[in-house]
Amino acid sequence: MAALAYTLGKREINHYFSVRSAKALALGAVLLLAACHAAFRRYRGDDTCEYLLSSGRFLGEKVWQPHSCMMHKYKNSEAKNCLLDKHIAFIGDSRIRQLFYSFVKLVNPQVKEEGNKHGNILFEDKSASIKVDFLWYPEVNGSMKQRIKSWTEGSIAKPHVIVAGAATWSIKIHNGSNEALTQYKINITSIAPLLEKLAESSDVYWVLQDPVYEDMLSNSRKMITNDKIDAYNEAAISILNSSSRNSKAKVKVFSVSKLIAQETIMQSSDGLHLPESSRETTKMLNREQTDEWKGWMQLVILIYHISGASTFLPVYMHVRVLVAAYLFQTGYGHFSYFWIKGDFGLYRVCQVLFRLNFLVVVLCIVMDRPYQFYYFVPLVTVWFMIIYATLAVWPQIVQKKANGNCFWHFGLLLKLISLLMCIYFLANSQGVFEKIFSLWPLSTCFELNGNVYEWWFRWKLDRYVVFHGMMFAFIYLALQKRQVLSEGKGEPLFSSKISNVLLFISVVCFLTYSIWASSCKNKTECNELHPSVSVVQILAFILIRNIPGYARSVYSSFFAWFGRISLELFICQYHIWLAADTKGILVLIPGNPMLNIIVSTFIFVCVAHEISQITNDLAQMVVPKDNATLLRRLLCIAGFFSGLLFLAAIQDQSRH
């Protein structure tokens, strides 16, 4: 066809290959494929989705696409009908236990992951006569063989479905020795005929071992490398395949979880088990929820600004709590990232700083406004740098290190206590604070109207809330690591009794703060107490929003959409929605205030969304992942802004 196009030209191609012939070719392809599918189904039987176990691709959270069919998401009723009068057995280690719980929650989402972790776990749904057992056999050894043999030779009823697999404990206990691998081959060779015999009347699946994220493994698991896991998987595949003589009775090798884990294991909390996001869970303060939270908070703050409600003290105090909640999320989010990932590289820091400051810096240059004019951005930027410095300075203490030795938890607490003492000292030493931020070039960034008092006032109002967010993240992640929390979809966060008590306390605290805010006499008095008491309202809301399983599992996509552009909404309001340095309202349609608000709001939101997309795209281009290139660009940017600051200093001197 290419040669024909070259010799005859474009017009001749149209003569031989037109829209009509293309449609005829498509029809022929459809008929041919339909015939192939019919013949293939007749030849291979009713099970047309064998790739479900072996190959496909991971499209994102909870979405696995086999190469030959579509996955069906089962409802509880469908799962019960499918498994009616069935007995399913999971036999293996903690990874098989994860599969067991994910499977059981298809039948009953309210099941809690509790009980002896190194013991058998039994589940029964009497309404559908379904039995699902997890049998703790972390090694392929004589004990596992005896259990399987009891199903083939004993009087115990055989399960209808058997899911088995193990290897990591053998690697761990024997320190990754070659002798352990040899023994594993011997043991699985002796078990294979028993599995094949079971496969004649039951569905038997052997689960291959998922890869691990080696950087996250604790010291006691360092010997579990991906090379070792590959060797154990190869041994299992070769032995199970060679032991089968009857293809219909063959043990099915379940390799899908291994493929999914390759995409998701980097989000694991311990490097060994699949992350919670790939299972049916709803984490506390999940991304959708925090986006929703930021969205409605930002809308309330915008309405507060445009309505001039700052003179009404109760409204002022509640808006102050919303600003504090933003900063609480800053402490929670960035602490969680650095603690879990341990990523203190230059790329991560520059990405965040660019995302926070790009629009503000452009506006400062174009609109001739001081950096402190957009006070919230400097506030978040400084607190981000404080969080980063707290965790990055020696000794760097991250979750991976703390997993190996609990002593590091105390080291981190000492760091946080030191941070609290520094905050307390600066909060009670206005002179020291002003001397620090009056030094050039900091003074150029943090001065407003010739002094840093405004910056001191803004910083002092919410001086403890970022620390509170960091502490909350530390406590939450520690409880999550010890599996104290129940974050399954629809499950209460704690046991029923504890959840009810905490909910009652949270509601009382929420109402108490609201009453206090309404009875506060003046702004000075309220502002003095706000740094210490705002965390009560924030924590009360978090617990009310997250303890009930249903409340934690749902969110508003409308508010979440606004939450994703909350930074741009806050900054753009200064120039698109408001006017006269936020002292008035921008007038686009004179004489009709309501229509003016509608039109200006529409333009305002559209511009904010577009700027958000532009900033994200620019961040990918301007901040390269290569450290050498990034350093060169940082030096150029530093030189450029040093020149701007120097010119600004000369201009200020000439004015005076």
Side-chain angles (χ1 to χ4, degrees), residues 92-99 117-118 136-141 144 165-188 207-237 255 257-279 335-345 348 391-413 415 474 477-483:
D93 55 14
S94 57
R95 288 175 155 190
I96 298 297
R97 187 175 62 233
Q98 274 194 322
L99 288 177
K117 296 187 179 301
H118 293 170
W136 173 253
Y137 289 95
E139 289 191 88
V140 180
N141 54 18
M144 180 183 283
T168 55
W169 271 67
S170 298
I171 301 173
K172 176 183 174 180
I173 291 174
H174 302 287
N175 201 29
S177 66
N178 292 327
E179 291 78 8
L181 177 59
T182 303
Q183 187 62 48
Y184 180 83
K185 292 178 180 178
I186 295 170
N187 292 341
I188 203 170
V207 181
L208 295 183
Q209 291 298 302
D210 301 338
V212 296
Y213 184 34
E214 296 180 13
D215 292 342
M216 279 291 293
L217 291 174
S218 61
N219 291 332
S220 62
R221 292 171 173 166
K222 283 296 183 184
M223 69 293 296
I224 307 175
T225 64
N226 286 318
D227 289 339
K228 290 291 181 185
I229 285 176
D230 289 341
Y232 277 72
N233 283 339
E234 289 172 8
I237 292 170
S255 57
S257 64
K258 180 170 73 76
L259 298 175
I260 294 175
Q262 289 173 352
E263 303 291 334
T264 61
I265 195 64
M266 292 187 71
Q267 283 78 50
S268 170
S269 61
D270 60 5
L272 181 66
H273 299 95
L274 286 177
E276 295 295 324
S277 60
S278 64
R279 301 163 65 200
F335 177 91
S336 298
Y337 178 87
F338 290 125
W339 172 250
I340 295 172
K341 299 290 186 182
D343 179 13
F344 297 102
R348 163 69 181 175
L391 292 174
V393 296
W394 184 89
Q396 285 187 4
I397 304 171
V398 295
Q399 192 178 59
K400 174 188 171 184
K401 185 179 287 187
N403 287 343
N405 190 340
C406 290
F407 169 78
W408 292 111
H409 284 96
F410 296 101
L412 181 63
L413 285 174
K415 275 192 171 188
F474 173 69
L477 293 171
L479 293 176
Q480 186 186 60
K481 179 66 182 173
R482 283 157 181 76
Q483 298 185 338

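Values in this document were obtained by computation on a predicted structure and should not be read as measured data. Note that these values count all heavy atoms, side chains included, but never hydrogens, waters or copies made by symmetry.
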Identify, with sequence neighbours excluded, every residue that meets side chain to side chain contact (heavy atoms under 4.5 Å, CB included) alongside Asn233. Leu208, Gln209, Ile229, Lys258
Could you walk me through whether Leu413 and Phe474 pass the side chain to side chain contact (heavy atoms under 4.5 Å, CB included) test, one step at a time? CA-CA 9 Å; Leu413 285 174; Phe474 173 69; 3.6 Å; yes
Can you name the side chain to side chain donor-acceptor pair (under 3.5 Å) partners of Asn141, sequence neighbours left out? none
Minimum heavy-atom separation for Ala180 to His174, with atom names? CB-CB, 3.5 Å
Hey, could you give me the CG/OG distance between Asn175 and Ser220, rounded to the nearest 0.5 Å? 11.0 Å
Report the residues that fulfil ring pair (Phe, Tyr, Trp, His ring centres under 6.0 Å) with Tyr232, sequence neighbours left out, ordered by chain and then residue number. Tyr184
Checking Ser94 now: which residues fulfil side chain to side chain donor-acceptor pair (under 3.5 Å) with it, not counting sequence neighbours? His273
Report the distance from atom CE of Met223 to atom CD1 of Ile171, rounding to the nearest 0.5 Å. 10.0 Å
Would you mind listing every salt bridge (charged side-chain N to carboxylate O under 4.0 Å, His left out) that reaches into residues 219-233, with sequence neighbours excluded? Arg221-Asp270
Euclidean distance, Gln480 CD relative to Gln399 CD, rounded to 0.5 Å: 8.0 Å
Sorted by chain and residue number, the side chain to side chain donor-acceptor pair (under 3.5 Å) partners of Glu234 (sequence neighbours excluded) come out as none
Taking every non-hydrogen atom, the tightest pair across Phe410 and Cys406: CD1-O, 3.8 Å
Could you give the side-chain donor-acceptor pairs of residues 336-344 under 3.5 Å, partners two or more places apart or in another chain?
{"residue": "Ser336", "atom": "OG", "partner": "Tyr332", "partner atom": "O", "Å": "2.7"}
{"residue": "Tyr337", "atom": "OH", "partner": "Asp343", "partner atom": "OD2", "Å": "2.8"}
{"residue": "Asp343", "atom": "OD1", "partner": "Gly345", "partner atom": "N", "Å": "3.2"}

Atom CG in Leu272, atom CD in Glu214: separation rounded to 0.5 Å? 11.5 Å
In this structure, CH2 of Trp169 is separated from CD of Glu139 (nearest 0.5 Å) by 8.0 Å
Looking only at heavy atoms, what is the nearest atom pair of Lys415 and Pro395, with distance? NZ-O, 2.7 Å
For Val140 and Ala166 the tightest heavy-atom approach is CG2-O, 3.9 Å
With rounding to the nearest 0.5 angstrom, report the OG1 to CG distance, Thr168 to Leu217. 10.0 Å
Stepwise, does the side chain to side chain contact (heavy atoms under 4.5 Å, CB included) test hold for Asn226 with Val212? CA-CA 6 Å; Asn226 286 318; Val212 296; 3.5 Å; yes
By ring pair (Phe, Tyr, Trp, His ring centres under 6.0 Å) - contacts of Trp408 (at least two apart): none
Quick one: list whatever passes side chain to side chain donor-acceptor pair (under 3.5 Å) with Tyr213, sequence neighbours left out. none
Looking only at heavy atoms, which two atoms of Ile224 and Lys172 are closest? And how far apart? CD1-CB, 4.1 Å
Contact summary for Ala167 and Asp93, nearest pair of heavy atoms: N-OD2, 3.9 Å
